[in-house]
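Here is how names work: the chains are called A, B, and so on, in the same order as the sequence lines, proteins then strands, and each is numbered from 1.
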Number of protein chains: 2
Amino acid sequence: MQECHTSETTQKSIEATIVSGILSARIRPGTRLGENQLATLFGVSRTRVREAMMRLETRGIVHVSPRRGWFVVEPSAEDAIAVYEARRIVEAGLLRSMRVLAEEGRKALDAHLNEERNAMAAGDRQRLTYLMGDFHIRIAELSGNAIIVDILRDLTARTILISMLYQSEFHAAQSHEGHCRIFEAMQAGDFVKAAALSVEHLDEVEMGLDLTARPDPLSDLRNSLSLPPKTASAVPQQPDLKATTSKEQ
Amino acid sequence: MQECHTSETTQKSIEATIVSGILSARIRPGTRLGENQLATLFGVSRTRVREAMMRLETRGIVHVSPRRGWFVVEPSAEDAIAVYEARRIVEAGLLRSMRVLAEEGRKALDAHLNEERNAMAAGDRQRLTYLMGDFHIRIAELSGNAIIVDILRDLTARTILISMLYQSEFHAAQSHEGHCRIFEAMQAGDFVKAAALSVEHLDEVEMGLDLTARPDPLSDLRNSLSLPPKTASAVPQQPDLKATTSKEQ
DNA sequence: GCTTTCTCTCTTGTATGCAAGAGTGCCACA
DNA sequence: TGTGGCACTCTTGCATACAAGAGAGAAAGC
């Protein structure tokens with residue numbers, strides 16, 4: 001399954017690289033992903049880059065502004081609400097569907113929570129962001145259901161983009177506490193409680209967002225002129241357009 | 001948003017056409033989707049067909065066998081189990097998260113159930129297949145969460161493929177009854193019960209499958225030789241490879 | 001008659017080329 | 001000095017050309 005003569009490997013690696021860059025908060029929302037830049041970066045032609053972009057687009061991670069370029073999505077406030085709602089639905093449903101926590105899974109989660117503690121102690125914010133999202137993916141992995149894992153991975157990626165846009169400060173300790181509580185309930189075999197805690201946890205994080213903030217800095221003006229709310233491709237937003245891969249070109 | 005000079009329209013239409021073909025059971029699992037055939041069919045070049053295929057691949061609806069072609073997925077027994085599990089998780093989570101059933105939504109579901117009855121009376125099996133899947137998508141639409149709708153649409157598409165492979169006979173009446181019960185619970189405002197009924201309903205349907213049947217006809221032999229379970233791209237499976245669009249070529 | 005090998009066709013994989021649109025900056029002109 | 005317009009550049013959109021591999025079928029050898 002994993003030999004592949006660089007072809008298959010390279011093919012998905014563009015996609016995976018970008019997703020993992022987002023998951024670890026190294027790529028900001030709105031980052032421009034030029035086909036040419038990526039092509040030279042990965043040593044392939046634009047064709048394959050485009051394929052990766054198309055895939056990422058259907059996963060809701062990237063969008064294209066015609067003849068302008070590909071950009072990492074900048075979820076609107078409504079998008080943010082929808083993403084959190086979707087996560088509550090899926091994660092609560094997932095936890096409720098669980099019946100036992102296998103020893104193996106217990107260990108994996110325990111190890112993960114330790115990593116969270118370590119990252120907190122080290123003050124490694126980037127790693128912390130990654131771990132905070134990954135906790136939920138780990139839970140999904142326990143179920144052994146690859147479909148759910150994929151869904152949650154993509155939702156988590158979007159969550160991280162959202163937090164980069166709307167989260168003024170990062171309450172890592174609070175999140176960690178939430179994760180611990182969920183883990184405890186799971187260990188006690190009380191998955192109904194774990195589900196409830198999970199919903200609570202997501203609510204907390206969502207509440208910590210300032211959804212009136214950044215992504216459409218013209219919203220006030222727009223409102224006072226009573227223009228349409230916001231078309232998907234609008235708002236160039238000069239800053240941070242070239243946050244990554246800015247050295248070449 | 002919807003003017004688009006045939007470009008955007010055609011772009012997504014390949015994708016949508018295939019999905020809708022599956023949702024209404026007009027396209028069978030394992031159907032070969034030749035790039036050239038689709039290209040001439042839609043009057044575009046292979047490039048755009050490929051883009052659509054890539055998208056469908058990330059949605060889990062199509063897969064590619066290198067240098068052989070694109071095929072509508074033939075979910076394995078394990079895939080089938082995972083899809084039903086995922087649906088239980090998402091649908092139960094969805095129903096549990098609901099608080100009220102708006103009058104508008106009540107009407108929509110009521111109308112839908114009537115359509116189911118009509119199709120049953122008319123014995124229109126294809127339409128029935130479509131409606132049976134669509135019921136669940138309709139419920140998702142009530143939530144107003146586009147993410148969940150998309151997830152369920154894709155899962156439903158796979159469900160239909162599964163049923164074409166493993167469902168010996170179609171218990172439409174039973175499914176319809178299940179839908180009615182769910183609707184009743186929703187009308188009564190008892191969404192916890194609706195969620196439970198939904199899980200039950202999906203269990204029933206899953207139980208009605210014969211997961212020892214078709215898709216890997218060599219499984220017995222394979223087991224007796226203790227070979228690996230089944231690699232994604234194996235098993236050519238001659239029959240019904242060209243079920244649709246077989247006239248030209 | 002059976003098996004093996006070779007070739008030929010058909011399919012996707014990938015790169016490249018050209019077209020068209022968006023955006024920017026300069027220049028002319030008032 | 002401010003403003004309108006033009007040209008230029010840079011980007012994606014899309015088609016096409018060519019390469020490479022899979023498979024089928026025929027021919028040759030046993």
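Whole-Å rounding puts the E35(A) CD to dA15(C) P distance at 13 Å. Taking atom CZ of residue R32(A) and atom C1' of nucleotide dA22(C), one finds them 11 Å apart after rounding to whole Å. Atom-to-atom, CZ of R48(A) to C1' of dA19(D) comes out at 14 Å; the value is rounded to the nearest Å. Rounded to an integer number of Å, the gap from CE of M53(B) to C1' of dG13(C) is 16 Å. Between the P atom of dT11(C) and the CG atom of L33(B) lies a distance of 13 Å, rounded to the nearest Å.
In this structure, of dA15(D), dG13(C), dA19(C), it is dA15(D) that holds the atom nearest to the side chain of T47(B). Counting only heavy atoms from C-beta on, V64(B) has its side chain closest to dG13(C) among dT16(C), dA22(C), dG13(C).
R138(B) has a carboxylate O that lies under 4.0 Å from a charged side-chain N of D134(B), or vice versa, which qualifies the two as a salt bridge. Classification of E51(B) and R48(B) as a salt-bridged pair fails, no side-chain N sitting under 4.0 Å from a carboxylate O. Between R158(B) and D79(B), no side-chain nitrogen of the basic residue sits less than 4.0 Å from a carboxylate oxygen of the acidic one, so the salt-bridge criterion is not met.
Looking at R67(B), its side chain comes within 3.5 Å of the base of dA20(D) through a donor and an acceptor atom.
An OP1 or OP2 oxygen of dG23(D) is reached within less than 4.0 angstrom by a side-chain nitrogen or oxygen of R68(B). One finds a side-chain N or O of R50(B) lying less than 4.0 angstrom from the OP1 or OP2 phosphate oxygen of dG13(C). A sub-4.0 Å separation between OP1 or OP2 of dC10(D) and a side-chain N or O of R46(A) is absent.
In this pair, F71(A) and H63(A) present their aromatic rings tilted. The plane angle is within the 30 to 60° band.
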